[in-house]
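Letters A, B, ... mirror the listed sequences (proteins, then strands); counts begin at 1. Source: prediction; values computed, not measured.
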Amino acid sequence: MATETIQLVLPNGATRDVPAGTPARDVVASIGPGLLKAAIAVAVDGEVQDLATPLRKSGAFVVLKESDPRSLAVLRHSGAHILATAVRRLRPEANIGFGPSIDDGFYYDFEVDKPFTPEDLEAFEAEMVKVAAEKYPFERAEVSKAEGEKLFVDDPLKLERLAELGDDEVISTYTDGPFVDLCRGPHVPDTSYLRHFKLLSTAGAYWRGDERRQMLQRIYATAFWKKDDLDAHLHRLSEARRRDHRVLGKQLDLFHFFPVAPGAAFWTERGTHLWNALEGFVRERQQDAFSEIRTPLLYNKTLWEQSGHWGKYRENMFLVLDKESGEHDMSLKPMNCPSHHLYFAAHKHSYRELPVRYVTFDPLHRNELSGALSGLTRVRQFSQDDCHVYLREDQIAGEVQFLMDFILSYYETFGLVAKLKFATRPPERIGSDDLWDRAESSLRAALDQTGREYELKEGDGAFYGPKIDFDVLDSIGRAWQIGTIQLDYNAPERFDLEYTGEDNAAHRPVVIHRAVSGSFERFIAILIEHFAGAFPVWLSPEQVRVLPIADDFAPQAREVTAKLRAVGIRAHLDSRNETLNYRIREAETMKTPYMAVIGKREAEAGTLAVRERGQGKKQDVISVDAFIARVLEETRTRVLPTPGASDA
RNA sequence: GCUGACGUAGCUCAAUUGGCAGAGCACCUGAUUUGUAAUCAGGAGGUUGCGAGUUCGAUUCUCGCCGUCAGCUCCA
């Protein structure tokens with residue numbers, strides 16, 4: 001058999017012609033022995049493979065060192081194998097599933113009779129250190145299907161995977177010491193590359209992600225090249241725990257849950273102030289170009305049949321028994337779209353008035369799986385700043401631009417930075433391919449016109465249309481999907497929506513679904529964690545706490561409090577029989593932005609000794625009027641907290 | 001819904017092998033009148049999530065239910 005020659009183009013433009021099937025390691029070695037030492041893997045035309053894998057294609061050849069972010073995924077995948085190696089040593093009966101690298105680390109799934117305990121995890125981690133020290137090379141072998149079946153005869157999960165592979169596919173196995181895995185790779189050269197890692201948690205996970213299949217035990221872990229990076233990552237995790245909105249929500253007395261209403265929050269007085277400030281901000285932003293309406297919460301199923309939700313979504317809806325029909329044919333609305341469509345269709349619309357934008361803050365109910373509920377981020381009752389835009393097809397680009405500017409400047413107010421994603425038609429959807437073609441191309445064109453970067457998510461769209469999603473990064477770099485712009489050609493058909501055109505004929509409008517905060521509940525959760533509870537003045541449940549030093553100054557303090565409240569400042573008087581230190585401490589603990597202290601000096605001069613949250617003893621003695629002006633101005637301009645205020 | 005862990009006073013947590021359920025903070029009362037992150041003393045507060053079972057005896061062991069958490073699935 002004549003060996004084919006392939007050509008590799010190095011980054012400096014030089015080329016290497018080698019026989020197809022040459023292991024990458026040989027090519028790297030030919031470039032330089034030092035490079036071979038530093039090499040983790042290589043990329044051929046961007047496709048990462050390891051040093052043991054034969055080269056089969058020509059293309060741009062890049063050697064990946066630790067410094068290349070792609071090499072980290074290779075390390076982590078090898079980490080998964082090392083984990084499996086350790087688990088198999090201590091629990092030989094464990095069947096192995098999959099062990100990929102993921103965003104922040106890696107995991108491996110095992111099928112075992114008895115689930116792992118935290119003690120098991122410690123033992124596995126210690127064993128992994130040994131496996132790493134034993135420095136087993138990751139040996140790659142390519143096998144036939146029959147050989148593979150023999151090799152994994154005791155691993156039913158691997159056999160299942162093997163059976164799915166096509167006859168012409170390269171089937172490879174990787175062996176590190178005692179452990180063999182069916183695996184495409186790539187891997188680091190040997191187990192000693194894994195040095196800074198940590199097993200994090202264990203949880204159940206369905207085999208192949210299918211809830212009808214058996215539950216496996218998944219071990220989550222992470223690994224880094226450098227100890228500093230691992231420490232930083234672990235620190236980030238503990239920081240996230242410190243900022244957990246569920247913890248802060250309790251500490252700051254913002255909301256709570258009762259077992260009798262799972263997934264539906266009770267908002268305290270303080271939490272309600274926060275909510276109202278946020279909702280007021282959205283209202284203010286939308287007062288010109290949007291029309292706020294209120295619609296019913298409960299609807300007959302015929303509406304959901306018309307919208308298409310009855311078929312696909314019924315399981316997630318709270319159905320209500322209708323006394324007269326004796327059927328559960330009423331439902332709490334899980335979204336506002338159909339009510340807006342209904343409302344639009346109730347009137348004649350001219351092409352001149354488009355786009356019209358309806359917004360509604362009504363509470364929505366979705367019957368989420370009990371196991372999916374989590375704090376304010378996954379609830380059963382929530383409110384969206386939900387908007388539906390009805391417009392002509394020729395207005396799409398302009399509208400998308402308008403909405404994007406709206407959304408992005410909204411996030412800016414909170415110091416949040418958004419990443420954009422463009423999601424196309426999902427496998428399960430309604431509407432013809434023709435409609436989808438038009439929807440996707442017009443939304444994409446509008447998105448391209450804005451010149452912003454975005455990530456393409458194929459198949460991730462809503463069932464009625466493609467969408468642009470906005471992922472917001474919080475202050476410790478976690479991404480949350482909240483805002484969305486969804487283009488919908490289907491609803492106008494289903495609801496027979498029309499406007500009268502210039503030609504006096506009826507035309508079909510297009511619908512855009514838009515949310516900015518996602519849901520207020522989730523957005524508030526993000527804000528709590530983003531600010532670590534130290535909200536900007538305009539959002540703070542309590543903006544000022546007025547503290548008389550002793551009883552003698554309580555009358556003046558009461559007067560000042562009344563004056564502050566009269567101009568709409570959320571101020572509270574704390575004249576309790578406690579030391580000033582005690583009351584200051586409590587105000588700080590509650591992350592109150594301002595403490596206004598009144599003693600003899602201030603009472604006589606008509607001033608306040610103003611203490612700012614997180615700024616310690618530093619005080620600012622100013623007149624009451626000047627203080628009021630300052631708080632009002634900061635509220636009006638929505639000043640963000642000074643950095644460090646949330647570190648307290 | 002599934003797998004696992006957990007559920008003790010308003011909150012955060014204790015309570016050997018099954019043997020009278022404790023602390024700090026918060027709360028109430030009194031003293032103290034406080035100058036920028038916890039004044040002192042006293043008091044009250046729990047059918048140990050709910051319901052069964054085993055046992056002379058259950059916070060502790062078993063089962064069921066409810067809820068919470070880590071994930072899976074799903075998703076605003």
With [atom1] as the reference atom in both, quote the distance from [N] to [M] in angstrom, rounded to an integer.
N     : M     : atom1 : answer
B/A52 : B/A58 : P     : 13 Å
B/C20 : B/U59 : C1'   : 13 Å
B/U12 : B/U17 : P     : 26 Å
B/U60 : B/G49 : C1'   : 16 Å
B/A70 : B/C13 : P     : 15 Å
B/G45 : B/G7  : P     : 25 Å
B/A5  : B/C63 : P     : 11 Å
B/A9  : B/A23 : C1'   : 11 Å

Does [X] contact [N] through a side-chain donor or acceptor facing the base, at a distance under 3.5 Å?
X      : N     : value
A/R366 : B/C75 : no
A/D551 : B/U33 : yes
A/R613 : B/A37 : no
A/E368 : B/G1  : no
A/Y206 : B/G1  : yes

For atom [atom1] of [X] and atom [atom2] of [N], their distance in whole Å:
X      : N     : atom1 : atom2 : value
A/R246 : B/U12 : CZ    : P     : 13 Å
A/K333 : B/A76 : NZ    : P     : 17 Å
A/H256 : B/U68 : NE2   : P     : 14 Å
A/I598 : B/U36 : CD1   : C1'   : 14 Å
A/H245 : B/C69 : NE2   : C1'   : 12 Å
A/R601 : B/U36 : CZ    : C1'   : 11 Å
A/R583 : B/U39 : CZ    : P     : 11 Å
A/L369 : B/C2  : CG    : P     : 10 Å

Look at the side-chain N and O atoms of [X] and state whether any lies under 4.0 Å from the OP1 or OP2 oxygen of [N].
X      : N     : result
A/K617 : B/A37 : yes
A/N581 : B/U36 : no
A/R576 : B/C27 : yes
A/K250 : B/U12 : yes
A/R611 : B/A37 : yes
A/Y582 : B/A26 : yes
A/Y107 : B/A70 : no
A/T579 : B/U39 : yes

Looking at every strand, decide which applies to [X] at a 4.0 Å heavy-atom threshold: base, sugar-phosphate, or nothing.
X      : result
A/A609 : base
A/G371 : base
A/E602 : base
A/G375 : sugar-phosphate
A/G518 : sugar-phosphate
A/A515 : nothing
A/F523 : nothing
A/E521 : nothing
A/R522 : base

Nearest 0.5 Å, please: how far is [atom2] in [Y] from [atom1] in [X]?
X      : Y      : atom1 : atom2 : value
A/H341 : A/D488 : NE2   : CG    : 5.5 Å
A/D120 : A/T202 : CG    : OG1   : 8.5 Å
A/R583 : A/I549 : CZ    : CD1   : 8.5 Å

Considering every strand shown, what is the Watson-Crick or G-U wobble mate of [N] when both distances are under 3.5 Å?
N     : value
B/C75 : none
B/A37 : none
B/G67 : B/C6
B/G24 : B/C11
B/U17 : none
B/G53 : B/C61

Is the shortest side-chain N to carboxylate O distance from [X] to [Y] below 4.0 Å?
X      : Y      : answer
A/E529 : A/R241 : no
A/E292 : A/R357 : no
A/K591 : A/E542 : no

When you measure from the side chain of [X], which nucleotide among [options] comes out closest?
X      : options             : answer
A/S201 : B/A70, B/G67, B/C72 : B/A70
A/S519 : B/C72, B/U39, B/A76 : B/A76
A/Q384 : B/A76, B/C69, B/A37 : B/A76
A/T589 : B/C2, B/A37, B/C72  : B/A37
A/E588 : B/C75, B/A37, B/U36 : B/A37
A/S370 : B/C69, B/G1, B/U36  : B/G1

For this session: Please say whether the positively charged group of A/R76, taken as NZ for Lys or CZ for Arg, lies over the ring of A/F106, i.e. under 6.0 angstrom from the six-membered ring centre and within 45 degrees of the axis.
Result: no
Problem set entry | Whichever of A/G263 and A/Q481 has its nearest RNA chain B nucleotide further upstream toward 5' | A/G263
For this session: Specify the residue among A/D244 and A/S517 whose closest nucleotide of RNA chain B lies further upstream toward the 5′ end.
Result: A/D244
Anything under 30° is parallel, anything over 60° is perpendicular, the rest tilted; go ahead and classify [X] against [Y].
X      : Y      : value
A/F255 : A/W267 : tilted
A/Y343 : A/Y358 : perpendicular
A/F523 : A/Y410 : tilted

Exercise. Is A/F382 stacked on the base of B/A76, meaning ring centres closer than 5.5 Å and planes within 30 degrees of each other?
Worked result: yes
